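These notes concern the structure reproduced below.
Whatever order the structure lists them in is the order used to number ligands and atoms, beginning at 1. By convention here, the first residue in the shown sequence is residue 1. Not measured: the values here are computed from a predicted model. Just so you know, these numbers use all the heavy atoms, side chains as well, and skip hydrogens, waters and symmetry mates.
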Amino acid sequence: MTLPPGKMGLPILGETLAFFNDPEFAPKRFSQYGPIFKSRILGQPTIFVKGSQANQFVLLNEPERFTVSWPPSTQRLLGPCSLSMQQGHTHRSRRQILAQAFMPRALAGYIPTMMSILERYGDRWCQSSPLTWYPELRHLTLEIACQLLVGLENGSQTSLGKNFEGWTAGLFSLPLPFPWTAFGKALRCRQQLIAEISSIIDHRQSTEDRTDDPASDALGLLLKAEDDQGQRLSPTELNDQILTLLFAGHETLTSGLATFCLQMAQHPAVRHRLRAEIDQQAQDPLTLERIKAMPYLEKVMQEVLRFTPPVAGGFRQVVQDCQFETYTFPKGWQVLYQIAATQSDPSLYPNPDTFDPDRFESEPIAAVPKHGYLPFGGGIRECLGKEFARLEMKLFAIHMLQTYDWQILPDQDLSLTITPTPAPKSGLKVHFCPRR
Ligand code: HEM
């Protein structure tokens, strides 16, 4: 049995501190050991993999060789009925139900709400310029998620928004359940979040059954949605599923939008070309078809998600000893497939550190080896909200470039913190004004 190269670090703790504190943790080791290395993080022996072949090996072999595995803190905080925790038949049937909230018809229905929230935020940002944009983008994405997932207005200003902050802060932490730890605080926030979501669901159930109105948000659809056996989600399960969707649809999108804002400010030629396409194509009312008719917008978004993928990678666990190339993946070990490292691999992307949407002109995504471009993961756990995310990012781009200008303020640290999603360290300070 040949284990991959690498160091396991200290007993139990392994290299956990470096993993959290050093953004170059994986890149350094990939350049030292090659595309597969071992370490110990979060108390578990772990194999890191990058590259199209290795990602495929991990993503396409669930459930035979790999199963989903989140760090203990994430497992406890997401809850046992979260789609991200479920496996096998249950996972398949729940995906089928939840997917109904992301079908094209549902997405088309979300456009007016997304646009009206974007308009409100844009106006507010003009009035509060200069501003630190990242926290504002978090409010925006939480507000859109709350409104479109559970019909809650002004989500970021409510107690749900505040509890959500505390809950998110503990998601990737050491699972020490004391009142003063991030994890302990997050557990308390989870209790309150579940109580709040539960009361929204109770209220909706009592009214929804009495109306035939088409649902205007995901909860409305999910209360009525069935799998192919005619099964619906129980209220208890809906709590965990809604919490999962709120989380998945909020942190990731914030990071993606921030990368877009930053890259547009730093690449005027890309911004001008994109704005010209938007000015020509984006007429009211915006529809899925009109958005599809903007090929440069598509390439810019593809490059945004390649350049700084909001999710750097995904955890799995080995369920039976298996072999990839010359290395053994022992049963019980954790595997971390790497999105960021794969998408910055020069063998897949020439000049990977250059932001260049035109790379997808000469080599479209379809020509990239399978799982060499994977901002939304792959296999049976590919992102369920992928089209929702792409829609929100595109509407944001259209509205912001049509209506506003922004410049990055000097004297700030634009390097990225990475937990849980990449964010500029100084929070992205900008001057924001109406378009000239
Ligand atoms: C899963 C990325 C937005 C819902 C995933 C995974 C990735 C990902 C990489 C797979 C994780 C793994 O392999 O373990 C992203 C990115 C987004 C985004 C980059 C935004 C730019 C969203 C949105 C929603 C969502 C808006 C829903 C509102 C989910 C769910 C899963 C998932 C439910 C779990 C799927 C399963 O386990 O079957 N996402 N996501 N995501 N995403 Fe997203």
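Using bins of under 30°, 30° to 60° and over 60° for the plane-to-plane angle, the ring pair W133/F396 lands in the tilted bin. Relative orientation of the F172 and F247 rings is tilted, given thresholds of 30° and 60° on the angle between their planes.
Numbered from 1 in the order shown, with element, the atoms of ligand 1 that lie under 4.0 Å from a heavy atom of H91 read 36 (C), 37 (O), 38 (O). Counting the atoms of ligand 1 from 1 in the order shown, those under 4.0 Å from a heavy atom of F388 are 26 (C). Residue P310 approaches ligand 1 through these ligand atoms, each under 4.0 Å from one of its heavy atoms: 19 (C).
Checked against a 6.0 Å centroid threshold, the rings of H139 and Y121 do not count as neighbours. Centroid-to-centroid, the aromatic rings of F164 and H250 come within less than 6.0 Å. Ring-centre distance between W333 and F329: not below the 6.0 Å cut-off. You'll find the ring centres of F25 and F48 inside the 6.0 Å limit.
Summary of contacts: the protein heavy atom closest to atom 1 (C) of ligand 1 is C383 CA, 3.5 Å. Atom 12 (C) of ligand 1 has as its closest protein heavy atom Y337 OH, 3.4 Å. Residue, atom and distance of the protein heavy atom nearest to atom 29 (C) of ligand 1 are A248 CB, 3.6 Å. The protein heavy atom nearest to atom 10 (C) of ligand 1 is R381 O, 3.5 Å. Protein heavy atom closest to atom 14 (O) of ligand 1, with residue, atom name and distance, is R316 NH1, 3.0 Å. Atom 31 (C) of ligand 1 has its closest protein heavy atom at L384 N, 4.1 Å. In this structure, atom 35 (C) of ligand 1 lies nearest to the protein heavy atom R95 NH1, 3.5 Å. Looking from atom 34 (C) of ligand 1 to the surrounding protein, the closest heavy atom is S84 OG, 3.9 Å.
Closest heavy-atom approach to atom 20 (C) of ligand 1 within the set S255, A389, A145, G385: this belongs to A389. Counting heavy atoms only, G249 comes closest to atom 23 (C) of ligand 1 of the residues P375, G377, G249. By heavy-atom distance, the residue among V304, T252, T141 lying nearest atom 3 (C) of ligand 1 is T252.
In I339, the part holding a heavy atom less than 4.0 Å from any atom of ligand 1 is the side chain. The part of F102 lying near ligand 1 is the side chain, judged by heavy-atom distances below 4.0 Å. With a heavy-atom cut-off of 4.0 Å, K386 does not touch ligand 1 at all. Contact annotation for F376 and ligand 1: heavy atoms of both the backbone and the side chain come within less than 4.0 Å of the ligand. Here Q86 has no heavy atoms under 4.0 Å from ligand 1, in either its backbone or its side chain.
Between the side chains of Q317 and T67, no donor-acceptor pair is found at a separation under 3.5 Å.
With a 6.0 Å cutoff to the six-membered ring centre and a 45° limit on the axis angle, R359 does not count as a cation-pi contact of Y349.
Here F37 contributes atom CZ and R29 contributes atom CZ; the two are 6.0 Å apart, rounded to the nearest 0.5 Å.
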Check against ring pair (Phe, Tyr, Trp, His ring centres under 6.0 Å), H399 and Y404: CA-CA 8 Å; H399 183 59; Y404 305 105; 5.6 Å; yes
Side chain to side chain donor-acceptor pair (under 3.5 Å) between T141 and T254, intermediate numbers included: CA-CA 6 Å; T141 56; T254 307; 2.8 Å; yes
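Applying side chain to side chain donor-acceptor pair (under 3.5 Å) to H91 and the options E62, Q96, R381 leaves one that passes, R381.
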